[in-house]
Amino acid sequence: MTQKSLQTVLLMAATVTTGLMAGLFAAFAYAVMPGLRDSSDRSFVEVMQNVNKAILNGWFMSCFVGSLILLIGAALLAWRGHGRQALPWIVAALAFYLLMFLITSGVNVPLNDRLARAGDPRHIADLAAVRQRFEARWVTWNVVRAVANLAAFACLVWALVVYGAHRDDARRDGPRAAGLPSAATEDAAFTSRSRPVTGDVASAGRFPAAAGDVARKAGYATSWAPPGGRRL
């Protein structure tokens with residue numbers, strides 16, 4: 001695999017995984033947490049404990065950690081190789097994703113752990129207090145990390161657009177930089193070769209004696225003589 005191909009794969013993979021993470025946090029912000037808002041304290045605590053257990057799987061960790069690794073790799077390749085025009089957008093995406101990563105690790109995960117330590121909801125004496133210490137802060141910071149993740153995704157989408165445009169320009173400029181004729185030049189040359197003969201040239205073809213006059217008009221010396229005639 002060439003460096004260009006590897007860079008393209010990394011950038012596309014980072015965009016997909018970052019988009020999946022943004023969709024997950026956004027879904028919690030506009031669907032899951034509003035849906036749990038009117039539930040009982042016991043139902044709320046029980047559901048969030050189960051969700052926090054279920055989400056720790058290979059799919060989530062592959063996207064959550066994998067996006068960060070893919071973004072770093074894409075930024076390094078853009079800096080060292082092709083598509084440097086997309087580098088600022090990749091770096092911006094990396095910064096937004098790091099912000100989301102730090103919020104999740106520093107705020108949401110500790111709140112999840114505290115909720116898990118509260119124990120079985122059937123044996124918690126004050127479920128309302130447990131929920132109060134968790135819900136408002138978790139919901140607020142989830143919205144913040146969702147916005148940061150969506151910003152990272154948007155930057156990566158635009159980075160793909162810029163990177164693709166740069167590759168198209170490089171493909172068009174490649175023959176010119178190597179001293180080879182471009183497609184437009186070759187088309188023009190073919191059109192010139194296939195253009196029908198007109199004017200003086202056609203007259204010279206029908207009347208050989210006129211060929212010398214045509215040549216002299218064009219600035220060429222010639223020693224050609226028509227059959228049976230004198231040398232021009």
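Note that this is a predicted model, so its numbers are computed, not measured. Side chains are part of it too, since the values below use all heavy atoms of this structure and drop only hydrogens, waters and symmetry mates.
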Exercise. In chain order, what residues pass the salt bridge (charged side-chain N to carboxylate O under 4.0 Å, His left out) check against D120, with sequence neighbours excluded?
Worked result: R122

Problem set entry | Minimum heavy-atom distance between P121 and V45, given as atom pair plus value | CG-CG1, 4.0 Å

Exercise. Where is the tightest heavy-atom contact between P110 and T104, given as atom of each residue plus distance?
Worked result: CD-O, 4.2 Å

Problem set entry | For E135, salt bridge (charged side-chain N to carboxylate O under 4.0 Å, His left out) partners two or more places apart | R131

Exercise. Does L99 belong to the same Ile/Leu/Val/Met/Phe/Trp/Tyr cluster as L150, with side-chain heavy atoms less than 4.5 Å apart forming each link?
Worked result: no

Exercise. Applying the 4.5 Å side-chain criterion to the ILVMFWY set and letting contacts propagate, would M100 and F60 be lumped into a single cluster?
Worked result: yes

Exercise. Rounded to the nearest 0.5 Å, what separation is found between the CG atom of L156 and the OG1 atom of T18?
Worked result: 5.0 Å

Exercise. Are Y163 and Q7 side-chain neighbours, meaning at least one heavy-atom pair lies under 4.5 Å?
Worked result: yes

Problem set entry | ILVMFWY network linking M12 to V16, side-chain heavy atoms under 4.5 angstrom | no

For this session: Sequence neighbours left out, what pairs pass ring pair (Phe, Tyr, Trp, His ring centres under 6.0 Å) with at least one residue falling in residues 91-127?
Result: F64-F101

Exercise. Within the side chain of D38, is there an N or O that forms a donor-acceptor pair under 3.5 Å with the backbone of G35?
Worked result: no

Problem set entry | Minimum-distance pair of heavy atoms, taken over all atoms of L111 and R133 | CD2-O, 4.1 Å

Exercise. Do T17 side-chain atoms and A14 backbone N/O form a donor-acceptor pair below 3.5 Å?
Worked result: yes

Exercise. Is it the case that one hydrophobic cluster holds both I69 and F153, taking links as side-chain heavy atoms less than 4.5 Å apart, direct or via other members?
Worked result: no

Exercise. Just wondering, more than 12 heavy atoms not from M33 lying within 6.0 Å of its CE?
Worked result: yes

Exercise. With L77, which of L6, I90, V9 fulfils side chain to side chain contact (heavy atoms under 4.5 Å, CB included)?
Worked result: L6

For this session: Keeping to residues at least two apart or across chains, list the ring pair (Phe, Tyr, Trp, His ring centres under 6.0 Å) pairs with something in residues 13-36.
Result: F28-W138

Exercise. Which heavy atom of A26 sits nearest a heavy atom of A146, and at what distance?
Worked result: N-CB, 4.0 Å

Exercise. Nearest 0.5 Å, what's the CG-CZ distance between L76 and R80?
Worked result: 7.5 Å

Problem set entry | R42 CZ to I124 CD1 distance, which is reported to the nearest 0.5 Å | 10.0 Å

For this session: Determine whether V144 and V107 make a side-chain contact, defined as any pair of heavy atoms from C-beta on separated by less than 4.5 Å.
Result: no

Exercise. Is there a donor in the side chain of T8 and an acceptor in the side chain of S5, or the other way round, less than 3.5 Å apart?
Worked result: no

Exercise. Could you give the distance from CG (L70) to CG (L11), rounded to the nearest 0.5 Å?
Worked result: 10.0 Å

Exercise. Knowing that exactly one of N149, N108, V109 qualifies, which makes a side chain to side chain contact (heavy atoms under 4.5 Å, CB included) with I103?
Worked result: N108

Exercise. What do you reckon, is CD of Q3 surrounded by more than 12 foreign heavy atoms closer than 6.0 Å?
Worked result: yes

Exercise. Partners of S40 by side chain to side chain donor-acceptor pair (under 3.5 Å), sequence neighbours excluded?
Worked result: S43

Problem set entry | Gap between atom NZ of K53 and atom CE of M48 - 0.5 Å precision | 13.0 Å

Problem set entry | Heavy-atom pair of closest approach, residues A75 and L87 | O-CD1, 3.5 Å

For this session: With rounding to the nearest 0.5 Å, note down the distance linking CG in L98 to CG in L68.
Result: 5.5 Å

Problem set entry | Nearest non-hydrogen partners of I55 and N52, listed with the distance | CG2-O, 3.7 Å

Problem set entry | Single-linkage hydrophobic cluster, 4.5 Å side-chain cutoff, L160 and V91 together | no

Seminar exercise, completed: side-chain contact (heavy atoms from CB on, under 4.5 Å) filter on A95, not counting sequence neighbours, yields none

Problem set entry | Candidate pair V130 and D126, rule side-chain contact (heavy atoms from CB on, under 4.5 Å), full reasoning | CA-CA 7 Å; V130 172; D126 193 353; 5.8 Å; no

Problem set entry | Donor-acceptor contact below 3.5 Å, side chain Q132 vs main chain L127 | no

